[in-house]
Amino acid sequence: QVQLVEFGGGLVQAGGSLRLSCAASRSISNIKTMGWYRQAPGKQRELVASITPRGSTNYADSVKGRFTISSDNAKNTVYLQMDSLKPEDTALYYCNVATVVRQFPPRDYDYWGQGTQVTVSS
């Protein structure tokens, strides 16, 4: 069973930076996207950013211009550089790897990390 291990969460003051990393315990095939979601208390989990194996990226409007997602496909690792952090970025951040299972009909399968806490103080 593949495990996703996240690193880099913590406490930072508003305006500061953090870098999250997520590494898979072994190689993952048929990746559609690698990305980060977050969930704040009392709110639904939301997509923060994602990246395809070819490098196409997608960001939530709330983080555009402040966060940068990148990946190392050979290592099945994804990163999230978070700059100009705001208190509203406080949440539990989850790593996600979305894959397609090649069967008929094909189906999606998601891997999730255990979550890493990011807290931004004002």
Side-chain angles (χ1 to χ4, degrees):
Q1 181 71 10
V2 174
Q3 290 186 330
L4 301 181
V5 182
E6 297 137 334
F7 303 93
L11 173 64
V12 65
Q13 288 189 333
S17 297
L18 284 174
R19 178 177 166 89
L20 303 183
S21 302
C22 171
S25 58
R26 62 174 179 83
S27 179
I28 300 175
S29 300
N30 305 319
I31 293 175
K32 296 196 304 181
T33 61
M34 301 179 73
W36 294 90
Y37 286 70
R38 68 185 180 187
Q39 188 167 19
K43 294 188 177 181
Q44 289 190 333
R45 189 176 298 189
E46 63 175 358
L47 174 68
V48 176
S50 64
I51 186 168
T52 69
R54 292 191 175 186
S56 296
T57 58
N58 181 43
Y59 294 94
D61 288 343
S62 59
V63 307
K64 283 180 181 176
R66 300 188 298 121
F67 291 10
T68 303
I69 191 169
S70 60
S71 64
D72 184 333
N73 294 334
K75 297 181 179 179
N76 282 163
T77 301
V78 62
Y79 308 95
L80 186 67
Q81 177 66 41
M82 304 185 293
D83 298 318
S84 303
L85 282 160
K86 303 176 181 180
E88 50 263 44
D89 294 318
T90 295
L92 193 59
Y93 283 70
Y94 295 92
C95 177
N96 168 266
V97 176
T99 70
V100 58
V101 179
R102 297 193 182 280
Q103 62 184 37
F104 186 79
R107 64 179 178 88
D108 294 337
Y109 185 85
D110 285 352
Y111 295 93
W112 291 95
Q114 78 284 358
T116 185
Q117 179 67 38
V118 171
T119 302
V120 184
S121 63
S122 57

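Sorted by first and then second residue, the pairs that involve residues 43-52 and meet side chain to side chain donor-acceptor pair (under 3.5 Å), not counting sequence neighbours, are Arg38-Glu46.
Put simply, Leu18 and Ile51 are part of the same group of oily side chains (I, L, V, M, F, W, Y) that touch within less than 4.5 Å, one to the next.
Contact of the Val48 side chain with the Leu80 side chain is registered, since non-hydrogen atoms from C-beta on lie closer than 4.5 Å. Residues Trp36 and Cys95 meet the side-chain proximity criterion, which asks for heavy atoms closer than 4.5 Å. Residues Asn58 and Leu47 meet the side-chain proximity criterion, which asks for heavy atoms closer than 4.5 Å. Residues Val78 and Leu4 form no side-chain contact, since every pair of their non-hydrogen atoms from C-beta on lies 4.5 Å or further apart. For the pair Leu20 and Glu6, the minimum side-chain heavy-atom distance is 4.5 Å or more.
Ile28 CD1 to Asn73 CG: the interatomic distance, rounded to the nearest 0.5 Å, is 11.0 Å. One distance of note links CG of Leu85 with CG of Asp83; it measures 7.0 Å at 0.5 Å rounding. We find the CD-OG distance between Glu88 and Ser62 to be 8.5 Å, quoted to the nearest 0.5 Å. Distance check: Asp72 CG to Tyr79 OH gives 5.5 Å after rounding to the nearest 0.5 Å. Taken from OH in Tyr94 to CG in Asp110, the straight-line distance is 14.0 Å, to the nearest 0.5 Å.
Residues Ser122 and Pro87 share a closest heavy-atom pair of CB-CG, 3.8 Å. Taking both residues in full, the closest heavy atoms of Val118 and Gly9 are given as CG2-CA, 4.2 Å, listed atom of the first, atom of the second, then distance. Listed here is the closest heavy atom pair of Asn76 and Arg26: OD1-O, 3.7 Å.
Annotation: Gln3, atom CD; neighbour count of heavy atoms from other residues, nucleotides and ligands within 6.0 Å does not exceed 12.
Every residue two or more places apart in sequence or in another chain that forms a salt bridge (Lys or Arg N to Asp or Glu O under 4.0 Å) with Asp108 is listed here: Lys32.
Between Tyr93 and Phe67, the angle of the ring planes lies from 30° to 60°, which puts this pair in the tilted group.
Panel note: side chain Tyr59, backbone Ile69; a donor-acceptor pair is recorded below 3.5 Å. Side-chain atoms of Thr99 come within 3.5 Å of backbone N or O of Tyr109 as a donor-acceptor pair. The main-chain N or O of Ala23 is never found under 3.5 Å from a side-chain atom of Thr77 such that the two would form a donor-acceptor pair.
In summary, Asp89 and Lys86 do not engage in a salt bridge, as defined by a charged side-chain N under 4.0 Å from a carboxylate O.
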